[in-house]
Each structure stands twice: as structure tokens, then as C-alpha cells.
Protein chains: 2
Amino acid sequence: MKSEKISEAVVRRLPIYLRYLNELNKREVATVSSQELGQKLDLNPAQIRKDLAYFGDFGRKGIGYDVSYLIEKIRQILNLDQQINAVLVGAGNLGQALSNYNFYLKENMKIVAVFDANPSKIGTRINTLTVQAMDELKETIQSKNIRIGIITVPDFEAQNVADQLIAAGIEAILNFAPTILKAPASIRIHAADFTTDLLSLAYYLNNGKDDTEDDGQFEELQQPERQS
Amino acid sequence: MKSEKISEAVVRRLPIYLRYLNELNKREVATVSSQELGQKLDLNPAQIRKDLAYFGDFGRKGIGYDVSYLIEKIRQILNLDQQINAVLVGAGNLGQALSNYNFYLKENMKIVAVFDANPSKIGTRINTLTVQAMDELKETIQSKNIRIGIITVPDFEAQNVADQLIAAGIEAILNFAPTILKAPASIRIHAADFTTDLLSLAYYLNNGKDDTEDDGQFEELQQPERQS
DNA sequence: TAGATTGTTAATCGATTAACAATC
DNA sequence: TAGATTGTTAATCGATTAACAATC
């Protein structure tokens, strides 16, 4: 273990490791090598070993990593050994979709409140939660120990909502709105705007709009794949 | 203009430029400098100039970039000067949320068909589209000239759906399922899994679970912000 | 002991930023 | 002409990968 500052790229890979480790655990696989992880996750084994070594000596030479132990360790690193509460602001379609995903429930991350500015939404139910009015935001965040805010409002509302979340004491924000939020450096913000992903995909389309008329059979050979 | 290979990081910034340029255009701003773009988008001005210079000399020394012209150029680079059709597979909550977003409509990217494997979903309507059965996938993709697939099915179905999309001739995939898809290198795949974003946020929470009891007023000073 | 696999250092590769001549 | 800002080269910074001694 060294005490360098950990890069964002490293941190972003931890949940990916965790996800696959959980799968192995369910299948009762006891041990896994960086080689095997790399193959499944499309990552270089050396990179995986290096990532993990930033945080401790979790593996055993000649053996690999103990799956349960590594899960426990990565959870600790990610602060997911305690329950982390999140609030969702914006009870539109996307907000509803997110609150349905219980993905994070497995991982001690839980949406415990939903807010919306629209009076017609307030009081309606999303799963087990009742949509609340914005003027209850601060009090709820504090009383329910909510540390993460998820923004699923339209772009022109996003900065305003972010400001309110920050004023209420939130520590980190996942922003689904297609805007760059301004915030103090102490607040961690992740952009989860899929329009960027989708539009950038178009760049990689084969530019020959119709002129490369092959039968589509050629490229099907299995090859090293690229993913991001 | 040089003819190096363009890195993924560069391509991913193009839609972000485009988004803000569209906003400027709506406000009838005629010209913008890399300086100003950088400030709004939290990017280094030199990086913006360099990104754009990969594709051509779009700016004017001493003046900056013509907003309309730059929009046109970036659209061309991203293949968005033509309509790009996409198919959505998975008519669950997330799928419905996505099909509602008309973000991409502005940008010539359009979801023109929706599929689901669940018989109870087939035939129902999402906006203007009728959910179709999977056995019509290939024929629809070909007849409607669909080039991009969006996967919003549960993780255990994602690889199977990807295989079908690829067999039907799709060129690129936006994958919302929390799985690493395997595909030929010729198929471009972007992962849009927000669970990774959300869980990695937890890493940045202030680890002192309760022991740093400050009043939250301190960190509010405006500082350079960090976003990703 | 032989084979496997880690943790870590060194080498490579790539991306960001600074600096500045060119020029509007 | 003076001020502003590009496009581009060079410098810096950071991340990935290769290689290998240590060791299970």
C-alpha cells in the first residue's frame, strides 16, 4: 500500500470490479486472478493489480484474490460498508426509472426521498416513497442523513436544484441533466448525461452512408473488443 | 488539420461543445472564443482549440469561432448532418424515459422503433411508437435504416440482445445494462451504466462518518470546480 | 520442487497544458 | 497600430502496460 492520491480512473473501476466479484460470489467461486478479471472486464490484468494495490495487499501470490475478502475490502474503500442515503430530485420519467432500480440496494446505496417542484407531482407515490415539495428539502436531507443528491430535472432547473442540494449539506451529486454544474470544489459531481454518450456514438458510424455495400457477414469474426 | 487518429476523449467532448454552441445560437451570439467556452464548460481553452484543430481551421485569429459555422462543422464531424436512426430494446421504465427525451431530436438522432421480449408489453404504445416483438427486430432494423441500438433490458438479457442487434447489422450500441458486452471490434459500444457513476461517488464522501462536526458553512466559498 | 500469480518498478504511451508566432 | 485570439509545437503531466523478483 502506498499513499499516493488515487486517480479518478481508478475509483471508477472499483464498482466494476465489485459488480463482477458479486457475481462470482453468488456462483460460490472462492478465488479469482487478475488475469481472469481482466478477461471478463476487458481490462489489462496489470492495471487491475495496480488499482487494487493502491489500497492494500489484497491478493496472494500464486493464488489470486479471495472473492469474499476482496468484496469486503472494495466496499470499505467505497464507503459502502455503511448505508449511504441519496435523494432524488425530479420525479419525471427518468427519476421514476432510477428509483425502481434496486441495483444499488445490494450495495448499501439507497434512495430514501424524492422531490419535485411540480405541485401535481407532490404527494404522489413512487414505489414506497412519497414525492415531497422542494421547501422540505433541507430539513429532510438533514434529518434523514442524506449525503448524495441525484438530479433528474430538466437542464434549465439543474443548477438551481444543485444549489439547493449544496445549501442543504449534500456532499456529492449525480447529475443526469445535460448541463455543466457549477459548485464548490468540495462537492463531488459526476455527470451522467447520456446524450453525450449517444451523440458521440454517431462519430463512429461508418461514414460511407451507402457506398460500402458489403453484406455484413465479414466483420462478425470475434476480435478484441473496445468498450468505454 | 492533421490526420492523426482522434482519441475517444476528444470525440466525447464534441457533443458538449455542440450543446453549448446551440445555446449561444439560440441567444443569437455570433462568435465565441475558446477562453469563453472553456470557462462555461470547465475545460482548458488550449484543449478546446486543439480538439477543434484536429478537424479543421474553424476559428479566426483575433476573433474566435463563428457559432453557426462551428455548429455546422461539429455536426458534420459527428455524422449528425444526416438523420441517424436508433432502436430501443427494453420498454421498461428506463426505456420509456429515454424515448421521451427529445434531446437528440434536435440533433438528428431519433429513436424510430422500440422492442421488448415481454408479450405483455408488445403492442403497447410509447409516445408515437408501438412496442414490437423481438422476432421483427432484424427486418425492422434493415427496412428503417437503423444504425444505433440502445439497450435498456436487465443485465442478464443484455448480451443476448446485443448479439441480436449486431446480427441485424447495427453499427453501434449504447448499453445501459450493468454488464460488459462482448462484441466484434467493428461495433462501437458505449457503456451508459449509471450504477458505476453512483457507486464511485460514494468514494468521495468525507470519510469521517460523524467525527468532523463542522457547520457546513466553511466549504461554501466558490472555488474551481471539478466535474466528470 | 514447479507452476502460478501477486505487487511493484520501469518503460511506454497518450492526453493535457503552456507558450508563442501568426494574424485578424 | 494595438489588442485579441487562433493553431500548433514543445513541455508536462498522468495513466497504462510490460516485465520480473518475490512467494504462495
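A, B, ... follow the sequence lines: proteins, then strands. Residue 1 opens every chain.
In this structure, the CD1 atom of A:Ile48 is 17 Å from the P atom of D:dA15, given to the nearest Å. In this structure, OH of A:Tyr65 is placed 14 Å from C1' of D:dT23, rounded to the nearest angstrom. Atom CG of A:Asp42 and atom P of D:dT17 are 11 Å apart (whole Å). Rounded to an integer number of Å, the gap from OH of B:Tyr69 to P of D:dT6 is 15 Å. At whole-Å resolution of the value, CD in A:Glu36 and P in C:dA4 are 14 Å apart. Look at CD on B:Gln47: it is 18 Å from P on D:dT9, rounded to the nearest Å. Rounded to whole Å, atom P of C:dG14 lies 8 Å from atom NZ of B:Lys5. Following rounding to the nearest Å, A:Lys61 (NZ) and C:dG7 (C1') show an atom-to-atom distance of 5 Å.
Taking 4.0 Å as the cut-off between side-chain N and carboxylate O, A:Arg13 and A:Asp51 count as a salt-bridged pair. Note on A:Asp163 versus A:Lys182: no salt bridge recorded, every NZ/NE/NH1/NH2 to OD/OE distance being 4.0 Å or above.
Residue A:Ser34 places at least one side-chain N or O closer than 4.0 Å to OP1 or OP2 of C:dT6. The side chain of B:Tyr54 places no N or O atom within less than 4.0 Å of a non-bridging phosphate oxygen (OP1 or OP2) of C:dA15. Between C:dT6 and A:Arg49, a contact under 4.0 Å exists linking OP1 or OP2 to a side-chain N or O.
Remark: D:dA21 base-pairs with C:dT6. Criterion, Watson-Crick or G-U wobble with two distances under 3.5 Å. Nucleotide D:dG14 forms a Watson-Crick or G-U wobble pair with C:dC13, both donor-acceptor distances falling under 3.5 Å.
A 6.0 Å sphere centred on CD of A:Gln35 holds no more than 12 heavy atoms belonging to other residues, nucleotides or ligands.
When distances run from any side-chain atom of B:Arg13 to the nucleotides C:dC24, C:dT16, D:dT17, the shortest one goes to C:dT16. When each of D:dA19, C:dT6, C:dT17 is scored by its nearest atom to the side-chain atoms of B:Asn44, the top-ranked nucleotide is C:dT17. Minimum atom distance to the side chain of A:Ser33 is reached by C:dT6, of the listed C:dG7, C:dT6, D:dT5. Looking at the side chain of A:Lys50, the nearest of the listed nucleotides C:dT16, C:dG7, C:dA10 is C:dA10.
Both A:Ile63 and A:Ala9 lie near DNA chain D, and the one whose nearest nucleotide falls closer to the 5' end is A:Ala9.
Residues B:Arg147 and B:Val87 fail the side-chain proximity criterion, which asks for heavy atoms closer than 4.5 Å.
The closest side-chain donor-acceptor pair between B:Glu23 and B:Asn25, if any, does not fall under 3.5 angstrom.
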